Every structure is written in C-alpha cells, then in structure tokens.
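When a ligand or atom number is given, it counts from 1 through the structure's own listing order. Note that these values count all heavy atoms, side chains included, but never hydrogens, waters or copies made by symmetry. Since the model is a prediction, treat every value here as computed from it, not as a measurement.
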Amino acid sequence: SGLKTGGVFTPTKDDFQKVYNDVAELLENNEYDDGSYGPVVVRLGWHASGTYDKDTKTGGSNGATMRFAPESDHGANAGLKTARDLLEGIKQKHHWITYSDLWTLAAVAAIQEMGGPKIPWRPGRKDGDVSACTPDGRLPDASKDQKHIRAIFYRMGFNDQEIVALSGAHALGRCHTDRSGFDGPWTFSPTMLTNDYYKLLLEEKWSWKKWNGPKQFEDVSTKSLMMLPTDMALIKDKEFRKHVERYAKDNDLFFKDFADAFGRLLELGVPFEKEEKFIFKSTSD
Ligand code: DDH
C-alpha cells in the first residue's frame, strides 16, 4: 500500500485497486434504471474526456472541470450529477485521489464490471479550477449527421474506425426524457457490454418513432429499443458502416478496438509523468 515519503502519500497500484473495488461495489443497485449505475458512470468518464481539442490542447479529463458551472450545466451533461454524487463517497474515503483520476478510473471499473474488456489505466491527472471549463458544444449532438460526428471526433484526434468502436458503448444504458429528451435503451442487455449495438443496427428494421419528443428511431418488431439519428448515421455512411459490419461479426475485435480507443479517450490532453499502466482485477476474476 501507499508509501509516505516526507509526509506525501504516494499511492501504489494496490491503492488504486482498492478504489476500483469500492467503485465496483457501488455500481449495482436494483432501484436505479436497469439495475446498475455502470452506464451513467461510463458516460461521466466519456464526457469529462471528450471535450478535448487537439489544436488548442484544451479540455480532456485533466482538470475534472465538470464539477463547476458552466460546464456542469451544459445540456450534454444533464444527468451526470448522479454519477458525480455517487463517486463523492469514494473521494471522501480515498482523499488522496484526484477527481479527474477517480472519474476515469470509475469508468474503467464500470466497463470491466459490465463484462467489457480490461482497459489499461494510469494515474496522473490533476484537478483544475473553473477557469479551465470548456465552452459548450464540444460533445456530439444526437440530432446531427456523419459530418458533425466526424468534426467532433476528429477534433479529439480519432479516426473513423475509432469513432465506430467508441460508439459501441451505446450497448450500455439508456436515454432519459428528463436528461437528453430522448427515450429508451439501445439493446436488450443495457448493463452488459457486448457488440449487440452493431448487430441490432444492421439486423433490425428501424423507423421514426411517432411521438412528441425529439426525432429518434425505434425497432419495428418490438418498439422497445431506440437509435439516435447519430447512431443511424453509422450505417448510412459507407466508411462507418464497414466498421459496424466488422464489429457486428466479431465481439473479440470490438473489445480489442474499444479498449484501445476508450483507454486513449481517457488520456487525451493529460501530461502524464509515468508510462506504466495498471490493469485492474475485475470482481469476477
Ligand atoms: Fe452516448 N448518449 N453519445 N456515448 N452514452 C447517451 C447515453 C450514453 C451520444 C448521445 C447520447 C458516446 C457517443 C455518443 C454513453 C456512452 C457513449 C444519451 C442519452 C445521448 C443523447 C443521455 C440521457 O438521456 O441520459 C452521441 C450523439 C454520441 C456520438 O458519438 C455521436 C460515446 C463515444 C460513448 C462512450 O462511452 C465511449 C453511455 C454509456 C450512455 C448511457 C448513459 C445512461 O445514463 O444510461
């Protein structure tokens, strides 16, 4: 466990594994959504990181600026207070960890605990102040098309294959009318990471949902699943579709590419001092 040198606590891998274990224990809750906080914790890690701009080198998970308004009030972040509040108890117990390391570590724990791949992770993020909040509009808008998706993710430094791999996170969780305005889950197992998102995109018939809410798709056969306009763009666009087809056929390939892209997402813009990455033990190991 952590060494005290000159009064400064230097956490070791074991200390971070303890944080992982405490996060894992918090995730399951039968009263919340589909029985797990995992999806909303993944979304917190993604929205904390996905503000990165490679040209100005601003945004990204370093800083954890979503703690502050105006970033906490950006429309895209609606509902993420649930995840931030959940993790506050962990921060109180493990004072030494930064919020920015905690949120990204928690996203890794959530992916692994929901049956996803191991995501190598390393510490080193520092918390910033309100002056580092990013402007609104850096995260994707679900009502838009492939041109918008590319503009947003190319700004972070991702390519088409990585965009499609990251999008597979929509196997998890659901849309909430009181958060984004959209409604429903993408898959029948929203607390398990699988390549079902890609399979359903290709195999189901999708039509516009008839309702008063924002434009979204529903599956014709059960009307219980949904796709956003940006999800459908991944099969309308030829270049994106190629990768949807690859991941629909091969869950191992999806897991490998997802782990690489998600791990990189969580590190965008972070000035790490150490190379070494940790691979955490999952509860089921
Ligand atoms: Fe997402 N996402 N996302 N998403 N996302 C929503 C929920 C979740 C877009 C829009 C929405 C990624 C990419 C995109 C997760 C992970 C990831 C919701 C619903 C909207 C809207 C929010 C709500 O009402 O609660 C758009 C647009 C894109 C895009 O790429 C164009 C990526 C890359 C990830 C990722 O993690 C790598 C997860 C998990 C959820 C479920 C949250 C929950 O509470 O459940």
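A donor atom on one side chain and an acceptor atom on the other are not found under 3.5 Å apart for S61 and W103. Between the side chains of D129 and S131, at least one donor N or O lies within less than 3.5 Å of an accepting N or O.
Taking all atoms of both residues into account, the shortest heavy-atom contact from F188 to S224 is CE2-OG, 3.6 Å. When all heavy atoms of P70 and C133 are compared, the closest pair comes out as CD-SG, 4.2 Å. Across Y20 and A109, no two heavy atoms sit closer than the pair CE1-CA, 3.3 Å.
Within the structure, salt bridge (charged side-chain N to carboxylate O under 4.0 Å, His left out) pairs that include any residue of residues 107-123 comprise K118-D285, R122-E267 (at least two apart or interchain).
Salt-bridge annotation for E276 and K13: absent, with no side-chain N of the basic residue lying under 4.0 Å from a carboxylate O of the acidic one. For R150 and D237, the salt-bridge test passes: some basic side-chain N is under 4.0 Å from an acidic carboxylate O. Electrostatic pairing of K249 and E245 does not count as a salt bridge here, judged by no charged N lying under 4.0 Å from a carboxylate O.
Distances below 4.0 Å separate heavy atoms of R179 from the following atoms of ligand 1: 23 (C), 24 (O), 25 (O), 44 (O). The distance from ligand 1 to the heavy atoms of V42 drops below 4.0 Å at these ligand atoms: 36 (O), 39 (C). Close contacts of ligand 1 with H176, meaning ligand atoms under 4.0 Å from a residue heavy atom, involve 23 (C), 24 (O), 25 (O), 43 (C), 44 (O), 45 (O). Against a heavy-atom cut-off of under 4.0 Å, L172 is close to the following atoms of ligand 1: 41 (C). Residue C175 approaches ligand 1 through these ligand atoms, each under 4.0 Å from one of its heavy atoms: 18 (C), 19 (C), 23 (C), 24 (O). Close contacts between ligand 1 and F262 involve ligand atoms 36 (O), 37 (C) [criterion: under 4.0 Å to a heavy atom].
Both the backbone and the side chain of L166 come within contact range of ligand 1, each with a heavy atom under 4.0 Å.
Nearest non-hydrogen protein atom to atom 39 (C) of ligand 1 is P39 O, 3.4 Å. For atom 21 (C) of ligand 1, the nearest protein heavy atom (residue, atom name, distance) is S180 CB, 3.7 Å. Given atom 45 (O) of ligand 1, the protein heavy atom at minimum distance is R174 N, 3.0 Å.
Ligand 1 has no nitrogen or oxygen under 3.5 angstrom from a nitrogen or oxygen of D33.
Distances from atom 10 (C) of ligand 1 to the heavy atoms of L228, N77, I149 show the closest one on L228.
Between W96 and F16, the angle of the ring planes goes over 60°, which puts this pair in the perpendicular group of the 30/60° scheme.
The shell of residues lying under 4.0 angstrom from ligand 1, judged by heavy atoms, excludes F158.
A donor-acceptor pair under 3.5 Å is absent between the side-chain atoms of N21 and the main chain of K18, judged by distance alone.
Under the 6.0 Å distance and 45° angle rule, R84 does not count as a cation-pi partner of Y99.
Counting only distances under 2.8 Å, and ignoring water, the protein N, O or S atoms around atom 1 (Fe) of ligand 1 are H170 NE2.
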